[in-house]
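A short worksheet on the structure shown next.
Chain A is the first sequence line, chain B the second, and so forth, proteins listed ahead of strands; every chain is numbered from 1. The shown structure was predicted, so the numbers you read here are calculated from the model rather than taken from an experiment.
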Amino acid sequence: MAQVTLSRITKRYPGSDTPAVDDVSMTIPKGSFTTLLGPSGCGKSSTLRIVAGLSKPDFGTLQMDGRDITHLSAAKRNIGMVFQSLALFPHMTVAQNVAFGLEMRGMGRSEREAKVARALDIVELGHLAARHPHQLSGGQQQRVALARALVVEPSILILDEPFSALDRKLRETMQIELYRITRELGITAMFVTHDQEEALTLSDSIVVMNQGRIEQQGTPREIYGAPRTRFTAEFMGLSNFLPARCSSGALSFEGLTTARPETLEAEGDCTVALRPEGLSLSSTRPEGAALKGHLAEAIYQGASTAYTLDLPSGRRITARTPDCGLQPGQEAWVSWTPGALHAFAA
Amino acid sequence: MALTDTAPPPQAQPAPRKPLSPAWLTLPGLCFLVFVLLLPVGWLMALSLKPSMPGAFTMEGDWTIANYLRFFSQPFYYSTLIKTLWVSALTTGITAVLGYALALIIWTASPAKRGWVVLIVLSPLLVSIVARTYGWMIMLGDRGILNQALLGLGLIEEPIQIMYTAGAVIIGLVHVFVPFMALCVLTSLEKIDPKVPEAAMTFGASRWAVLRRILLPLTVPGLASGLTIVFSLSISSYVTPALMGGPRSGMLTTFIYQQFAVTLDWRFGAVLVTLLLALTLLVLTSILALAARMTAKWSK
C-alpha cells in the first residue's frame, strides 16, 4: 500500500482547446478509498489514466510514497486496475487471468497457484477457476477483474467505473463487496464514477471534478452535507436554487430572513438550495421559517409524492414528501429540516 | 392494455406458411461453382488416370496410375513439387511477419493517419501484376538499381544474381501478398477490446509479452485466414514465377503450363494439377484445424 500524490497535473489532448485535466493536485492517503466524481468529460478518467501510467501528463508530477513516478511505465508501477469494460483476457481461464500479473512479476508456479486460489476465494469464485470469461455472468466477470487486480498486492488499486455495465441490484451487491474487501485488506484505492450514490457508499474521500478542475474535495459527509459550489450541490442531488443575500449573521431570500448557515463563506449575493427530500408541506403556517406558495402539481411516486409549489416571486420549488393530502390549486406552506438548506456563493 | 384488447383473436389468422430455409439462397452460387469449378476439375482429375499421350484431350484409353508413378519416380518431376512447397511456405512465413507488423501499425495509428496507412499497404494491388513484376526486374536485375547501388558503394565487386532465382520469386510474391495478410490480421485485431492490451501492461507485461501472450493468441483466427489465403495464392501463382523465376523456375505452375501449352500432354498435366490441388487442400485444412483447436475453448 502506498500514498499517491498528484501535483499540478495538466493534460491537454491534441485538437482540443481546453485541457482535459487542468492543474489537479490531490493526495490519496495510504489505505484510503478516494473517489473521483463528476459527469462524463470532467477529466476524472483522464486523471486516473495518468495515475495508472497509461497516459502521460503534459505538466505536473506524480509521486508514490515520495518517489517521482511521473515517467515510470505502467508496467513498473505495481498497480492493480479494473477497467470499465473489465478487459479480461478472453483466451485465458479465470485462473490464468488472475495469475497473469504474478507471472509477469516472475513468480514461481506453486506460489502463484496458492495466491490465485486465495484471491479467487476472496471473491468467492474458486469453483469457476477453469472457466473462460465468456462462460461467466456479468457479476462473476466483475469479480474476476477484481481478483486479478487484487492478487498482485498493488500499491494502489485503480477502478474506472467498474460497475457501470451492471444492473442496479447487482451493482449494489458489488459495491458492498468492494467496500468489505478494500477495508478488510486496507487497500489504497482510486475509484472513478459519475454516480453520486456509489461515491457516497464507497469512499473515505470524494473529489468532485468539473471541466478538468477539482470543484470540491472532502469526506462524503462534507460533500453531501456542505456543498461549496452550485455544481457540487446539483451533482449531489440538490435542487430548488433561489437567489439570496447574506450579511453578517443573516440570510434573506424570497422575503424571508433566517440565520446564516455556518458553512457559508460568501458575502453579498449568494444562492440558497433546498433539498427536495428535506421539505414538508402544510396547509397552515408552521412554526419557524417557512415559505408560502400555490400548489401547482402533485405527482404520486409511491414512497413519496413530488409537489411543485409556485412562490409569489414566480420561482418554483419541488418538495418530495410522503403524501400529505394537499391538492393542486390549494395554498400551502413549505418548511424544512435544518440540514435541507444549503447556501453558497452565487 | 388497449392494444391487446383490439388485437384479432388467434384463430382468425390463416395458418402460417412454413418459411423456406435460408440455405436455398446458396443455390445460384452453388450451381455456378459446380459448372465452372467442380465439373472441369473433376474431369481433369479423371483425365490424369488415362495413359499419357501428347495431343489427347479426351477420355479414351484404360484407367491407370502410370502417370503418377512416372511423376514420383523421376527427381526432375518431383523436385518441382518440393521446390513449390518450400517457396510457398517461405513466402507465406515472410508475408505473415511483415503483414502482422503492418496490421499492428494500422491498428495503433490515429484515425487521421489510418486511411493513408491503409492506402500505402494496399498500393501493391493498385498496379497491374505485369507492370509490378517488370518493376522488380528493373530493381533486381544484374544491372538493376540495387546492384548498381551496391557496386557504387563498393560493397560488392560483381553484380549479385537475384533475378531468375527463388529469392526473386519470393520477393515478388511477398510484395503483393502482404496486404492480404495485413487486412486479415487487422480484422482480428479490430475485435480486441483496446483496453485488453492496456490491462496487460498495467499488470507488468512488456510490449513483447503483450504481443506474445495477448495479441498473438487473440489474432489466431485472422492469422489462420491470412495464412490460408497467402499460401494458396503463392502455390498457385504463375506470372511472378514465370517472369521472375525465369524459364526454368522449377515451380509446379510453370511446369503445368508447359504440359498444357507446349508439350500438349494434358493427361500428365492433369497429374500435376491434381497433386497441386491435393497438396494445397492438405496444408489449408491443417492450418484451419490447428487454428480451430487453438481457439476452440474461448471463441464464442
Worksheet entry | Verdict with reasoning, A/Met92 to B/Ile214, per side chain to side chain contact (heavy atoms under 4.5 Å, CB included) | CA-CA 9 Å; A/Met92 297 186 192; B/Ile214 308 292; 3.9 Å; yes
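- No more than 12 heavy atoms of other residues, nucleotides or ligands shown are found within 6.0 angstrom of NE2 on A/His71.
- Under a cut-off of 6.0 angstrom, the local environment of CZ in B/Arg114 is crowded, with over 12 non-hydrogen atoms contributed by other residues, nucleotides or ligands.
- Side chains of B/Met294 and A/His91 form no contact here, defined as non-hydrogen atoms less than 4.5 Å apart.
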Worksheet entry | Intermediate values then yes/no, side chain to side chain contact (heavy atoms under 4.5 Å, CB included), A/Asn97 and B/Phe203 | CA-CA 11 Å; A/Asn97 262 281; B/Phe203 290 116; over 6 Å; no
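- Between atom CZ of residue A/Phe89 and atom CZ of residue B/Arg213 there is a gap of 8.5 Å, rounded to the nearest 0.5 Å.
- Looking at A/Arg49, the atoms closer than 4.5 Å to chain B (heavy atoms on both sides) all sit in the side chain, from C-beta outward.
- Of all residues in residues 273-290 of chain B, none places a non-hydrogen atom less than 4.5 angstrom from a non-hydrogen atom of chain A.
- At a 4.5 Å heavy-atom cutoff, A/Gln135 makes no contact with chain B through either its backbone or its side chain.
- Against chain A, the residues from residues 187-199 of chain B that qualify, each with a non-hydrogen atom under 4.5 angstrom away, are B/Asp193, B/Lys195, B/Val196, B/Glu198, B/Ala199 in number order.
- Counting non-hydrogen atoms of neighbouring residues, nucleotides and ligands closer than 6.0 angstrom, the NZ atom of B/Lys113 reaches no more than 12 such neighbours.
- With a 4.5 angstrom heavy-atom cutoff, A/Arg77 does not touch chain B via any of its atoms.
- With a 4.5 angstrom heavy-atom cutoff, A/Leu88 touches chain B only via backbone atoms.
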